Amino acid sequence: MTSLTSLTIAAARDGLKKKAFSARELTDAYLDAMAKARVLNAYVVETPEQARAMADASDARIAKSEAGALEGIPLGIKDLFATKGVHTQAASHVLDGFKPPYESTVTSNLWRDGAVMLGKLNMDEFAMGSSNETSYYGNVINPWRRRNSNAALVPGGSSGGSASAVAAHICAGATATDTGGSIRQPAAFTGTVGIKPTYGRCSRWGVVAFASSLDQAGPIARDVRDAAILLKSMASVDAKDTTSVDHPVPDYEAVIGKPIKGLRVGIPREYRVDGTPAEIDALWDKAAKWLKEQGAEIVEISLPHTKYALPAYYIVAPAEASSNLARYDGVRYGLRVPGDDIVSMYENTRAAGFGREVQRRVMIGTYVLSAGYYDAYYVRAQKVRTLIKQDFDKAWDKVDVVLTPATPSPAFAPGEITDPVQMYLNDIFTVTVNMAGLPGISVPGGLSEQGLPMGLQLIGKPFDEATLFQVGYAIEEAAGKFEAPKWW
Amino acid sequence: MSVDQKTVRRIAHLARIKVSEEDVPRLEGELNSILHWIEQLNEVDVQGVEPLTSVVAMEMKKRQDVVTDGHYPTDVTKNAPASEDEFFMVPKVVE
């Protein structure tokens with residue numbers, strides 16, 4: 001029998017149902033694989049006791065024929081999700097020792113459906129980063145390496161632990177979050193599938209806030225079907241998040257394999273950016289050809305305000321972050337560094353507790369919201385955001401889905417990008433989707449000349465995740481799946 | 001627009017982040033490089049455009065103004081760096 005950790009969620013689900021193995025055996029196989037893969041630094045904490053207890057409970061429910069949709073499936077949880085009594089620190093020093101007495105809605109939904117928690121996954125501090133180099137717990141390593149090289153590469157960020165763990169088969173699937181590309185960019189860097197659903201599809205309750213008008217939770221998985229299975233369980237309307245939307249959650253898995261004949265696929269000309277490697281553009285052209293061969297109609301479209309999405313994002317997101325992160329003051333939770341008076345205690349705590357990137361963004365946010373600058377920066381950025389959204393609204397008259405590259409390059413090395421603005425440019429293709437609140441999926445399309453995964457992005461109409469899974473699967477069928485050669 | 005070192009110190013204080021004197025020039029450079037980059041937004045004609053307030057067209061949800069949760073002060077103060085009798089403890093604020 002093949003190793004249990006090599007099974008997709010769909011395959012593990014079938015094996016558990018047929019009682020080919022137990023949930024406990026499956027969980028033990030993952031715990032064993034995790035212990036051998038610590039060099040990747042994907043987990044900030046492993047929860048083996050809890051995992052085994054949850055797996056045993058799953059076996060009991062399977063025996064009584066009461067299995068849920070994810071019964072016995074071992075998952076990794078990004079450290080941004082509140083998990084009751086378990087390390088929840090957004091990979092920040094400022095939340096030292098924080099163990100919430102409550103559970104996030106997304107993880108509650110997963111446990112309701114029978115999933116098993118293996119541990120908490122590393123990430124960029126407060127989800128601010130595109131390389132997983134800003135974590136207080138150190139860099140996450142990408143399981144992928146350049147051909148004939150031993151040099152470490154970044155897994156992307158901020159959900160770098162989630163992407164690395166899924167790619168290395170040290171969880172069956174993972175939760176992640178995406179504010180500007182934090183699900184799709186690491187998925188593209190690791191040859192995995194990641195979907196950021198429509199804003200409001202998943203509850204944000206119990207997810208540590210970064211930029212509240214942009215943050216959305218979603219899964220990272222090994223293939224399109226697994227991502228569909230996970231999102232079905234994660235999504236829900238929630239009285240505790242007034243921005244969660246009361247819209248039925250469809251059976252996303254049902255569209256896998258549905259023909260794409262007649263679907264109109266938009267190719268936005270503004271996504272041809274100077275300096276993008278030729279192999280990324282070539283992959284994009286190849287994907288359009290695959291879809292055309294399967295009967296889709298390729299339509300060139302224009303999204304004229306694309307180039308302004310990233311600078312507008314770097315006003316809106318830091319502004320919201322500076323407000324959301326005001327709560328870390330050394331009083332109610334986490335780190336406290338004493339001072340001469342209460343203000344110096346706040347200042348000392350936040351100086352010691354926040355890393356450099358977080359401090360930079362909080363300061364940018366504070367500046368753009370400060371007296372005299374609010375209209376020039378924040379209001380203007382929100383107006384540009386309206387224009388970005390209108391670009392997409394117009395596109396939906398002509399097309400059903402938009403196809404773009406996911407990232408402007410494959411994975412790079414730690415330390416390779418030190419200039420903040422250069423790092424921000426990683427999200428150039430993904431950030432428009434957050435600004436317009438749309439769903440976007442990243443699906444592996446092929447390997448670069450150096451043997452690294454490259455991702456394709458599909459952007460959908462609001463709440464039309466189903467079409468993303470349908471077309472994403474069509475790409476996966478044409479491109480195949482990609483697995484990192486094991487070296488750890 | 002750009003920031004000078006005095007503004008950097010003012011922003012840091014507004015954000016309640018202690019910044020050492022040797023870090024001020026570094027932050028001045030970093031913040032200015034970000035601010036110069038976002039200045040390209042000035043090219044966009046935003047005349048008559050409404051700022052975006054919600055990406056999803058939906059009516060704001062409302063609920064009755066009633067208490068729906070609470071009565072567990074031990075849980076609430078459990079993670080505090082300093083607490084006493086279910087109160088958060090802070091340095092003296094009022095003389």
Side-chain angles (χ1 to χ4, degrees), chain A residues 97-101 198-200 213 239 242-243 245 305 307-308 311-312 314-315 322 326 329-336 338-339 341-348 350-351 354 359-360 362-364 366-367 370 373 376-377 379-387 389 419-421 436-437 462, chain B residues 1 3 7-8 10-20 23 26-27 30-31 33-58 60-63 68-69 72 74-83 88-94:
Chain A
F98 182 63
K99 290 189 171 67
T198 312
Y199 184 79
S213 77
T242 54
T243 64
V245 174
H305 296 91
K307 75 174 267 211
Y308 301 109
Y314 274 95
I315 293 173
S322 76
D329 55 6
V331 174
R332 286 157 297 167
Y333 25 64
L335 185 74
R336 171 183 288 193
D341 54 20
I342 193 160
V343 173
S344 65
M345 182 201 85
Y346 296 152
E347 292 184 342
N348 291 344
R350 290 162 66 80
F354 292 148
Q359 292 192 17
R360 218 163 16 233
V362 167
M363 288 180 67
I364 285 283
T366 303
Y367 179 67
S370 64
Y373 297 103
Y377 285 113
V379 175
R380 175 169 279 268
Q382 291 289 45
K383 286 180 178 174
V384 171
R385 204 173 164 189
T386 297
L387 294 170
K389 187 171 181 297
D419 174 53
V421 174
Chain B
M1 275 174 272
V3 294
T7 311
V8 170
R10 187 176 63 87
I11 302 167
H13 181 64
L14 279 174
R16 297 289 184 268
I17 296 172
K18 185 178 177 166
V19 169
S20 64
D23 271 344
R26 175 182 62 83
L27 278 165
E30 287 174 358
L31 298 185
S33 99
I34 297 169
L35 290 170
H36 289 152
W37 173 66
I38 58 188
E39 252 167 38
Q40 56 181 298
L41 291 183
N42 294 333
E43 299 164 15
V44 187
D45 180 9
V46 293
Q47 191 108 45
V49 179
E50 284 293 312
L52 187 131
T53 47
S54 171
V55 284
V56 179
M58 64 187 270
M60 191 169 74
K61 293 183 195 173
K62 300 178 190 75
R63 62 167 176 81
T68 57
D69 199 7
Y72 36 75
T74 321
D75 273 358
V76 171
T77 52
K78 197 162 68 182
N79 278 290
S83 66
F88 296 114
M89 301 298 286
V90 293
K92 198 174 194 177
V93 180
V94 182

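Throughout, a chain's letter reflects where its sequence line sits, starting with A, and its residues are numbered from 1. Keep in mind that what you see is a predicted model, and the values were worked out from it rather than measured.
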Open item on the list: If we define contacts as heavy-atom pairs under 4.5 Å, which of Thr243(A), Ile315(A), Asp419(A) has the most with chain B?
Closed with: Ile315(A)
Open item on the list: Using a 4.5 angstrom heavy-atom cutoff, name the option from Gln382(A), Glu347(A), Met345(A) with the most pairs to chain B.
Closed with: Glu347(A)
Task: side chain to side chain donor-acceptor pair (under 3.5 Å) partners of Asp75(B), counting only residues at least two apart - done: none
Task: Top contributor to chain A interface from Glu39(B), Glu30(B), Arg10(B) [non-hydrogen pairs under 4.5 Å] - done: Glu30(B)
Open item on the list: Among Val19(B), Ile34(B), Val56(B), Leu14(B), which residue has the highest count of heavy-atom pairs closer than 4.5 Å to chain A?
Closed with: Ile34(B)
Open item on the list: Counting only heavy atoms from other residues, nucleotides and ligands, does the tally under 6.0 Å from NZ of Lys18(B) exceed 12?
Closed with: no
- [ ] Any chance you could lay out the side-chain contact (heavy atoms from CB on, under 4.5 Å) test for Thr366(A) and His13(B), step after step, and finish with the verdict?
- [x] CA-CA 10 Å; Thr366(A) 303; His13(B) 181 64; over 6 Å; no
Open item on the list: Test your reading of the model: is there a side-chain donor-acceptor pair from Arg380(A) to the backbone of Leu41(B), 3.5 Å cut-off?
Closed with: yes
Open item on the list: A side-chain contact here means heavy atoms from C-beta on lying under 4.5 Å apart; do Arg16(B) and Asp329(A) qualify?
Closed with: no
Task: Nearest heavy atoms of Gln359(A) and Ile17(B), plus distance in Å - done: OE1-CG2, 3.6 Å
TODO: Indicate yes or no for a side-chain donor-acceptor contact from Asp341(A) to the backbone of Val93(B) under 3.5 Å, with no hydrogens or angles considered.
DONE: no
Task: Distance (rounded to the nearest 0.5 Å) between Tyr377(A) OH and Leu35(B) CG - done: 4.5 Å
Task: Nearest atoms (heavy-atom pairs only) where Gly330(A) meets Pro81(B) - done: O-CG, 3.4 Å
Task: Rounded distance (nearest 0.5 Å) linking atom CD1 of Ile11(B) with atom OH of Tyr367(A) - done: 6.5 Å
Task: For Leu31(B) against Met363(A), the heavy-atom pair lying closest together - done: CD1-CE, 4.1 Å
Open item on the list: If I measure from the heavy atoms of chain A, does Thr7(B) come under 4.5 Å with its side chain, its backbone, both, or neither?
Closed with: side chain
Task: Selection from Thr198(A), Val362(A), Ile364(A), Val379(A) maximising heavy-atom pairs under 4.5 Å formed with chain B - done: Ile364(A)
Report all side-chain donor-acceptor pairs from residues 43-51 of chain B shorter than 3.5 Å, counting only partners two or more places apart or in another chain.
| from | atom 1 | to | atom 2 | distance (Å) |
| --- | --- | --- | --- | --- |
| Glu43(B) | OE1 | Tyr308(A) | OH | 2.5 |
| Asp45(B) | OD1 | Gln47(B) | N | 3.1 |

TODO: Could you tell me whether a side-chain N or O of Arg350(A) sits under 3.5 Å from a main-chain N or O of Ala15(B), the two making a donor and an acceptor?
DONE: yes
Task: Contact summary for Asn79(B) and Gly97(A), nearest pair of heavy atoms - done: OD1-O, 3.7 Å
Task: Side chain / backbone / both / neither for Ala436(A) at chain B, heavy atoms under 4.5 Å - done: backbone
Task: Residue pair Val55(B) / Arg385(A): nearest heavy atoms and the distance that separates them - done: CG1-NH2, 3.6 Å
- [ ] Might you point out which heavy atoms bring Leu52(B) and Lys389(A) nearest each other, and give the distance in Å?
- [x] CD1-CD, 3.7 Å
